[in-house]
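For reference, the structure discussed in these notes is given below.
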Amino acid sequence: MSKGYDHHAIESKWQAYWEQQRPFKASEDLSKPKFYCLDMFPYPSGSGLHVGHLEGYTATDIVSRYKRMRGFNVLHPMGWDAFGLPAEQYAVKTGIHPAITTAENIATFKRQMKRVGLSYDWERELSTTDPQYYRWTQWIFLKLFERRLAYVAEVPVNWCPALGTVLANEEIIDGKSEVGGFDVIRKPMRQWVLKITAYADRLLEDLKLVDWPPSTLEMQKNWIGRSIGAEVDFVLADRKGVIRVFTTRPDTLFGATYMVLAPEHPLVDVVASEEQKAVVQTYRETAAKKSDLQRQELDKEKTGVFTGGYAVNPVNDERLPIWIADYVLMSYGTGAIMAVPAHDERDWAFARRYDLPIREVISGGNVQQTAFTDTDCDRVVNSTTSDGSFSIDGLTPSEAIPKITEWLAKQGKGTRAVNYKLRDWLFARQRYWGEPFPVLWVGGEARPLPEEQLPLVLPETDNFKPSGTGESPLANLDAWLTTIDPATRQPARRETNTMPQWAGSCWYYLRFIDPKNSTQLVDPIKERYWMPVDLYIGGSEHAVLHLLYARFWHKVLFDIGVTSAPEPFLKLVHQGIVLGEDNQKMSKSRGNVVNPDEMIDQFGADAVRLYEMFMGPLEAMKPWSTRGAEGVTRFLERVWRLMVDEQGRLSTAIVSTAPSLDHQRLLHHTIKKVTEDIEALRFNTAISQMMIFTNEMTKAPQRSRSVIEPFVLLLSPFAPHLAEELWGVLGHQPSVSQQSWPIFDPAMTVSERLTIPIQVNGRLRAKLDVAVDTSRDAIERLARAEAAEWLQEKEPKKVIYVEKKLLNFVI
RNA sequence: GCGAGAGUGGCGGAACUGGCAGACGCGCGAGACUUAGGAUCUCGUGGGCAACCGUGGGGGUUCAAGUCCCCCCUCUCGCACCA
């Protein structure tokens, strides 16, 4: 049997070498240029690594290996986002402590990552569940609390009376509990909330500083949902009180014909007349029973009832009937609107249904037929006060908006206002497997735990079932629960909520910089050196929440001087979803899941890495193809045979003599292409070029070392095990990772002959093979001869010559 | 409905600022070496007999359009009564 390319032997050999030599450690020498290359760290689930994970991890690994060879000090770490619901649910079912499950899963993930040859600096490994880590998560919470960015509010939770527990959104399917299928209702409970809205403007503004995919930027902007308009006060007609509304269209104020309060609005009771009280009450109760899902149902006919009350339009003193309707949400703006049916689709539909007047105040549409919402080209009409002292008639809406806003402000009836869709962040979970809050309750007041008492360690228990009161399982642990407040020496009860999974992932990139620091979250000198993250790769499912929460915490940490850069992640890329061979999403039920371990057994880690990158553009969604993996395996075998003979020795085709000019050019072109493609994360085309190189060299009976050796280096970030082995076969000491990245000579990337396509009227008619320095005249003369058949002896009207590119006769 | 991205051979996909459409790989076909080939190597492979036709469809700009402009269709992702 011949000694072919044995990926099993080669890969385990070099993995053992890396394990021992640790060549991927980030250096503490802070004088070198740095590159921080980060993956979104995974939740270590029971099912192990997925080929989708591997796509992103391979991409960052190639960049990291490449950057090291370019002389950068590279920080490429990995850790575990290990708190979370699945381990806890498993514990409830089996009684096995989540810490045990988590440790096992981490071991699996780590083993798989090492098998793929990912060049992480494992000395920086961290887990969010480690008290030495979550000590600092708790510390950040104390800072948020100190700055009044963490507060307690009554917030509705998903309460399942049958199960006696609070449920996470993920545990509810179609309004029923996932377990048992019981009803779930909304019930207000005391909750910790983080004031992310205080950072809304900066979170929006600073998106200008980052290089992120447009869709992700857009999603963040929409989530923050900033809109500029005015708040306007409408005085109640027959009672004391004021309804304040938010509107983005104060220019349509003269067109308001009724008002709407959200059913939960506190003024409803004040406004409702005696005769209407009963209907109003019924409507409110129906609305309250509806789930969010039902209330948001599309195409639903709008409903509402008249309250019997009236308010006064501040611009014309008109009496406007006040309605309640569930199309107005208590959670946005002021929970009340002025309705302008002529120029708002929702108000128009509602007015039609309940026969309310529609008054046109912007010309250009037919408001009896449909709402006219354009603001670009048309004019304001019917908008002058009865005494004529104020008018916006004749202006365009965009001119009218500032004018009327200013006027309202002068009259004390309104003000310019900015509104956000972004809500404060509900930060508490009624769970065991999360970070405990460093908070004590003393006489109904929340008191922070002193910093010296951190970490507040999650207490041991074997009962992971919920307490039955809606509190977390921690409420069952009396010995842990009751304590003494160190400040006042009074009896205290610990906070029983834990933090959501997002908490640990909000700042882990900072801890990788200085993972063992026991006195600080991160050393400021190291932080200034390493931050921001230069390249961050992970799934687009985190486009909003994780990335928004992390940016929020980062900005708070920036404000207290822990971080030095305004934004944490400079460049962000989402790897595309890897579909099954059937072009469907991979799922156990479809049976189309590709197991990375099996693929590595069959083809080897290098082939799997290479195929992951060769499938297509990193960001695109694309199907897995085992045939395709075979294809790149053939490529690696060809590379092997380029240098190694059948006895496993250096091939006699490898020579020390100078290469041909063609081979030199091919090499330099390949260096250029691979280098530029890695920089632009176009790994698929980099691999194509290496295939072209290999195909050419396979044909050559003599392969010069001076072209083969640089090629092995180019291949090394992609197929590191094979590259190390070949480097050894070529007679060099390990490791390729210590070699410098090859440099191309621009002079060598241009060839001495050119093919000039000859067109007649833009159609390709001939091709000319000429020396690069052939003059235009000479080319044209040759071209006329070549294209004579098509020119038909006519003199072309025009001859277009693009330098070294093309020649086109126009006849 | 709104927003973002995308539509190229039998398949995955190339084509940097408008300049040879289909690189590279898969699949397929032929040949070579072989007792043998599901190994390896070489050659071929968008359609059409041809003139020609071809980058979702229809217009346009240009000497020249996958690439730029206008209209439309389809798919993916996100948001969805946000006043």
Side-chain angles (χ1 to χ4, degrees), chain A residues 2 4 213-223 225-227 229 245-249 252 260 262 295-300 302 325-329 331-340 343-347 349-350 419-422 540-541 543-544 574 576-577 581 583 610-611 614-617 619-632 634-635 637-638 641 673 676-677 680 682 684-692 694-695 698-699 755-768 796-811:
Chain A
S2 72
S215 62
T216 306
L217 290 173
E218 208 55 37
M219 279 160 73
Q220 294 237 333
K221 283 178 197 159
N222 292 343
W223 195 263
R226 178 182 147 106
S227 52
V245 305
F246 172 75
T247 177
T248 54
R249 297 293 306 277
T252 62
V260 186
R295 258 181 90 158
Q296 286 172 7
E297 248 169 48
L298 253 133
D299 307 328
K300 179 191 71 172
K302 293 190 174 23
D326 66 5
Y327 81 90
V328 173
L329 309 172
S331 56
Y332 184 78
T334 60
I337 61 155
M338 63 171 200
V340 184
H343 305 292
D344 180 281
E345 279 164 27
R346 296 150 298 174
D347 298 346
F350 193 80
N419 227 299
Y420 300 92
K421 279 195 236 177
L422 185 67
S540 59
E541 67 273 20
V544 180
H574 301 301
I577 294 171
E581 299 227 35
N583 243 298
L610 214 62
Y611 178 64
F614 188 62
M615 272 190 289
E619 300 191 63
M621 183 188 289
K622 48 217 172 280
W624 181 270
S625 156
T626 300
R627 295 260 195 199
E630 285 170 16
V632 295
R634 278 201 275 275
F635 161 66
E637 285 165 349
R638 276 228 284 282
R641 286 196 301 267
K673 180 81 179 136
E676 289 172 355
D677 282 351
R682 291 187 301 245
N684 53 333
T685 48
I687 294 166
S688 294
Q689 184 58 40
M690 291 191 283
M691 287 173 168
I692 292 170
T694 305
N695 292 346
T698 298
K699 289 179 199 163
T755 305
I756 303 284
I758 307 303
Q759 297 182 336
V760 177
N761 285 345
R763 283 159 188 269
L764 181 68
R765 294 305 186 196
K767 285 185 185 181
L768 230 49
K797 271 190 252 159
K798 213 165 161 189
V799 180
I800 293 180
Y801 175 68
V802 183
E803 179 84 21
K804 293 180 182 173
K805 276 262 169 69
L806 149 155
L807 190 119
N808 187 11
F809 294 110
V810 185
I811 57 170

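Lettering of chains follows the sequences in order, A, B, ..., and the numbering in each one begins at 1.
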Once side-chain contact (heavy atoms from CB on, under 4.5 Å) is applied, do any residues pair with A:Ala336, and if so which ones, sequence neighbours excluded?
A:Ile243, A:Val245, A:Leu261, A:His265, A:Thr334
Could you work out, with side-chain contact (heavy atoms from CB on, under 4.5 Å) as the rule, every residue matching A:Thr216, not counting sequence neighbours?
A:Trp212, A:Pro213, A:Ala543, A:Leu547, A:Leu572, A:His574
Under 3.5 Å, is there any donor-acceptor pair linking the side chain of A:Lys421 to the base of B:rC79?
no
Partners of [X] by side chain to side chain donor-acceptor pair (under 3.5 Å), sequence neighbours excluded?
X        : value
A:Arg641 : none
A:Arg765 : none
A:Asp677 : A:Lys673, A:Arg682, A:Thr685
A:Asp347 : A:Tyr327

Touch check for [X], heavy atoms < 4.0 angstrom, all strands: base, sugar-phosphate only, or nothing?
X        : value
A:Arg765 : sugar-phosphate
A:Gly631 : sugar-phosphate
A:Asn695 : sugar-phosphate
A:Ile337 : base
A:Thr248 : sugar-phosphate

Hunt down any stem RNA chain B takes part in, defined as 3 or more consecutive Watson-Crick or G-U pairs whose two distances are each under 3.5 Å.
B:1-7 with B:73-79, B:10-12 with B:24-26, B:27-32 with B:40-45, B:56-60 with B:68-72
Nucleotides 20-22 of chain B: which of its N/O atoms have a protein N/O under 3.5 Å away?
unit_1 : atom_1 : unit_2   : atom_2 : d
B:rC20 : O2     : A:Lys767 : NZ     : 2.4

When you check the phosphate oxygens OP1 and OP2 of [N], does a side-chain N or O of [X] lie under 4.0 Å from one of them?
X        : N      : value
A:Arg627 : B:rG38 : no
A:Arg763 : B:rC53 : yes
A:Arg641 : B:rA39 : no

Check the interface with nucleotides 47-50 of chain B: list each N/O to N/O pair with the protein under 3.5 Å, or write none.
none

A:Lys797: partners by salt bridge (Lys or Arg N to Asp or Glu O under 4.0 Å), with sequence neighbours left out
none
Taking for each residue the nucleotide of RNA chain B bearing the nearest heavy atom, is the 5' side occupied by A:Ser227 or by A:Ser688?
A:Ser688
Side chains of residues 621-628 of chain A: which donor-acceptor partners sit under 3.5 Å, not counting sequence neighbours?
unit_1   : atom_1 : unit_2   : atom_2 : d
A:Lys622 : NZ     : A:Glu55  : OE2    : 2.5
A:Lys622 : NZ     : A:Pro617 : O      : 3.0
A:Lys622 : NZ     : A:Leu618 : O      : 3.3
A:Lys622 : NZ     : A:Ala620 : O      : 2.5
A:Trp624 : NE1    : A:Thr626 : OG1    : 3.4
A:Ser625 : OG     : A:Arg627 : N      : 3.4
A:Ser625 : OG     : A:Gly628 : N      : 2.9
A:Thr626 : OG1    : A:Glu581 : OE2    : 2.6

Do nucleotides 5-14 of chain B as a string where each nucleotide becomes B, S or -: B if the base has a protein heavy atom under 4.0 Å, S if just the sugar-phosphate does, - if no protein is that close.
-------BSS
